[in-house]
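Just so it is clear, the structure is predicted and the values come from calculations on it, not from any experiment. Reminder, nothing fancy here: chain letters follow the sequence lines and each chain counts from 1. Quick note: numbers below take in every heavy atom, side chains included, and nothing from hydrogens, waters or symmetry partners.
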Amino acid sequence: MTLYDKVMELSKRRGFLWPSFEIYGGTSGFVTYGPYGAILKLNIENMWRDFFIYKQENFIEIETPIIMPSAVFEASGHLEHFTDPIIACLKCEKRYRADHLIEELVGVSVEGLAISEMNKIVKEKDLKCPDCKGDLGEVELFNLMFKTNIGAYKGDVGYARPEAAQGMFVEFKRIFNIMREKLPLGIAQIGKTMRNEISPRKGVTRLREFTIMEVEVILDPEEINNCPAFEKYKDTDIMLLTASLQQKGEPPVNITVERALEERLIDNKWLAYFLTVSKNFVKSLGVADDKIRFREQLPHEKAHYSKQTIDLQVYLDGQGWTEIAGHAYRTDWDLSRHIKYSGVDMRVFKKADTPLTVRKLVLKPSKATIGPDFQKDAARVIEELNKLDAAEVKRQLTTQGFIEVAGKKLTSKHIEFEEREEVVKGKKFIPHVIEPSYGADRLVYTTLEHAYSEKEGRIILKLPVKLAPIQIMVYPLVERDGLPDVATQIYRELLGEGFRVEYDVSGSIGRRYARADEIGVPLGITVDYQTLEDKTVTVRDRDTWRQRRVFISELVNILKQFFEGRIYFNQIGSPVDTNLE
RNA sequence: GCGGCCGUGGUCUAGUCUGGUCUAGGACGUUGGCCUUCCAAGCCAACUACCCGAGUUCAAAUCCCGGCGGCCGCACCA
């Protein structure tokens, strides 16, 4: 049994996660999170919030719809780029990217060609399957976005978002205003995303519906190397596999992010900074240093919007290095596309440190002469004239004596010029975007796999304390002599104090400890006979099976300190002599 | 999507080739009871399965076909 199988077996048996719709035979690419998995996932998401939102300056979280009208994806480029033209061989059924095949066999670029035009080329040039020489079928479009209709009429086409990012870009103007127009601004979102994958595999690593956690860090491109937060983390070591190393077939290098930046292996400082945030985040999920590396995407792998993308990979049993995050430098692609397609100006104004006074030549159409001379064309002439550069107009008038505007000849009597002083207070620009993007579901699996361990034939899920779905189990040592009453009381008190706690009385004490270890409960509280004498209970540590003895009256306080990370297990109460020590 | 292998209680599995003694066996688990003073103890009882659908046959977990799902490889992969 591989580690992957063991982790999935445990997940299913204990209720972390399993394939959905099993009673109807299942449909691949979908998972259900059970009682422990749902909390585990939530805890991971909250930890992500800590690292990527709460500990960053001017970073906030929003929530936008999953279904979006097609206009959004026309602008974002997903309708065009998330769609692959596919052609299949009728004989051997091998499938090809139609555009790639045509370019290869005919040697012409088919970029932007419609499907019908590609089909025409295939027929005219009588293209055959390069593999078996069989006939080719029709070119078909395969778009990875789920399509739907919004409302009752067929006209309004909508798509399920393939990434959360577009929600942030579409709402940028208002959010920027609400956040009092400060850059850098981080806009984060955690939510469901859908991609109609051709063949989802490997359980949770390739889903059709998954939770994405993204931050769009919106910055002034001129400030992209001004990242104060970076200083604290610049010495962070990373294992980096650059595109060029991959092309040369060489292994990754270990390098500090600062050095990588100096050697221009990372495009800019903000991108470098988030690599360090990512590394620290993934470590806090319990993944060891040497199981974390960064891999730059090769030019042909990059998304249409990306200047540089560096994935974070973790090493997983059975499937090797697996992407769990991408860090993309999206430049101004998204915002400029939405500005263009929506017609809404989402540029940001930046005040200059010192306003500049510039002398500028402006032209003034002389309406008194243009009106009578051009009659009903006058309005159009004035409009066109205003678009022209004053200096250029003046030059033409002096060199050739006239200028042609909207098909009309204008002379100097039609235009007046004026020297004006203008104060330039700042500049308007389209901000750039750095995007760390995480797959929450892969993180859940990663966390489970790295927490999985075996000891004396038993499974212990060594989840980081902060992530454990259940924090505490409460047990009576045996089910008699009033021990359950005391235990139940403690259980209810802890529930009331806000701990995630369960009570377990069924089976021998060893069996109950074993059950708790399998779902990764960090602490177990056992009420025994000594409890009846001196009002103390034992606290058991999941990882070492050691126990400490604590007064019931101090329990809540001590447990709070433990789960807040302020004390370690061996600082709890006093040691217990058990037959294990 | 293609090819190979595979699909039996909650989990792991025996049985499938060679159809009938399979009202499907075991182990672990879960629940209830008894017992029990710290790491899956014991005893009793209960629970839960042949992936779905059609077909061949007197008879199908077993053979055939289709679907769904899983693993591996190829292809695809923001």
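Using a 4.0 Å cut-off between a side-chain N of Lys or Arg and a carboxylate O of Asp or Glu, R13(A) and E518(A) qualify as a salt bridge. A salt bridge is absent between E296(A) and K302(A): the closest approach of a Lys/Arg side-chain nitrogen to an acidic carboxylate oxygen does not fall below 4.0 angstrom.
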Write out a two-atom table: protein N or O, nucleotide N or O from nucleotides 40-42 of chain B, distance below 3.5 Å.
{"residue": "rA40(B)", "atom": "N6", "partner": "E518(A)", "partner atom": "OE2", "Å": "2.5"}
{"residue": "rA41(B)", "atom": "OP1", "partner": "R511(A)", "partner atom": "NH2", "Å": "2.9"}
{"residue": "rA41(B)", "atom": "OP2", "partner": "S508(A)", "partner atom": "OG", "Å": "2.5"}

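Y438(A) and F281(A) have their aromatic ring centers within a separation under 6.0 angstrom. A centroid separation of 6.0 Å or more is found between the aromatic rings of Y568(A) and F562(A). When ring centroids are compared, H78(A) and Y159(A) stay outside the 6.0 Å threshold. Ring-centre distance between F16(A) and Y33(A): not below the 6.0 Å cut-off.
Residues forming a salt bridge (charged side-chain N to carboxylate O under 4.0 Å, His left out) with K455(A) (at least two apart in sequence, or on another chain): none. Every residue two or more places apart in sequence or in another chain that forms a ring pair (Phe, Tyr, Trp, His ring centres under 6.0 Å) with W333(A) is listed here: H304(A).
The partner of rA60(B) is absent, by the rule that a Watson-Crick or G-U pair needs both atom distances under 3.5 Å. Nucleotide rU16(B): unpaired (no Watson-Crick or G-U wobble partner with both distances less than 3.5 Å). Judged by Watson-Crick or G-U wobble contacts below 3.5 Å, the nucleotide rU31(B) has rA45(B) as its partner. With a 3.5 Å ceiling on both atom-pair distances, rC76(B) lacks any Watson-Crick or G-U wobble partner. Searching all strands for a Watson-Crick or G-U wobble partner of rU37(B) with both distances below 3.5 Å returns nothing. In a base pair of the Watson-Crick type (N1 to N3 plus N6-O4 or O6-N4) or a G-U wobble (N1-O2 and O6-N3), with each distance short of 3.5 Å, rC71(B) is matched with rG4(B).
A gap of 16 Å separates the P atoms of rU57(B) and rG19(B), to the nearest Å. Atom name C1', nucleotides rC58(B) and rA45(B): the rounded distance is 39 Å, in whole Å. Taking atom C1' in both rU18(B) and rG9(B), one finds a spacing of 27 Å when rounded to whole Å. Separating the P atom of rU62(B) from that of rC17(B) is a span of 9 Å, rounded to the nearest Å. Comparing the P positions of rC72(B) and rG26(B) gives an interatomic distance of 33 Å, to the nearest angstrom. Distance noted for atom C1' between rC34(B) and rA41(B): 14 Å (whole Å). Spacing of P atoms, rG73(B) relative to rC64(B), comes out at 27 Å, to the nearest Å. Here, rA14(B) and rG25(B) have their C1' atoms 7 Å apart, quoted to the whole Å.
Following rounding to the nearest Å, D5(A) (CG) and rC71(B) (P) show an atom-to-atom distance of 9 Å. Atom CG of L17(A) and atom C1' of rG70(B) are 15 Å apart (whole Å). Between L10(A) atom CG and rU11(B) atom P there is a gap of 13 Å when expressed in whole angstrom units. Put simply, CZ on R208(A) is 16 Å from P on rC77(B), counting in whole angstrom units. For R480(A) and rC38(B), the CZ to P distance is 11 Å, given to the nearest whole Å. Between D541(A) atom CG and rC39(B) atom P the separation is 16 Å, expressed in whole Å. In this entry the distance linking NZ of K6(A) with P of rU13(B) reads 13 Å, nearest Å. Atom pair E22(A):CD and rU8(B):P shows a separation of 11 Å (rounding to whole Å applied).
A side-chain donor-acceptor contact under 3.5 Å links R542(A) to the backbone of L461(A).
Using a 4.0 Å heavy-atom cutoff across all strands shown, Y159(A) reaches no nucleic acid atom at all. Among the heavy atoms of the strands lying under 4.0 Å from T538(A) is at least one base atom, whether or not backbone atoms are also near. Among the heavy atoms of the strands, none lies under 4.0 Å from Y475(A). At the heavy-atom level, Q530(A) lies nowhere under 4.0 Å from the strands shown.
In this structure, D528(A) and G29(A) both approach RNA chain B, and ranking their closest nucleotides by distance from the 5' end singles out D528(A).
A donor-acceptor contact under 3.5 Å is formed by the side chain of Q547(A) with the base of rC38(B).
Considering only the side chain of E9(A), rU11(B) comes nearest among rU11(B), rU37(B), rC71(B). For R549(A), whose side chain is taken as the heavy atoms from C-beta onward, the closest listed nucleotide among rU31(B), rU37(B), rC38(B) is rC38(B).
Judged by ring centres under 5.5 Å apart and planes tilted less than 30 degrees, Y513(A) fails to stack against the six-membered base ring of rC39(B).
Contact annotation: S506(A) reaches the phosphate of rU31(B) (side-chain N/O to OP1 or OP2, under 4.0 Å).
Using the six-membered ring where Trp is involved, W48(A) and F52(A) have ring planes that are parallel, under 30° apart on the 30 and 60° scheme.
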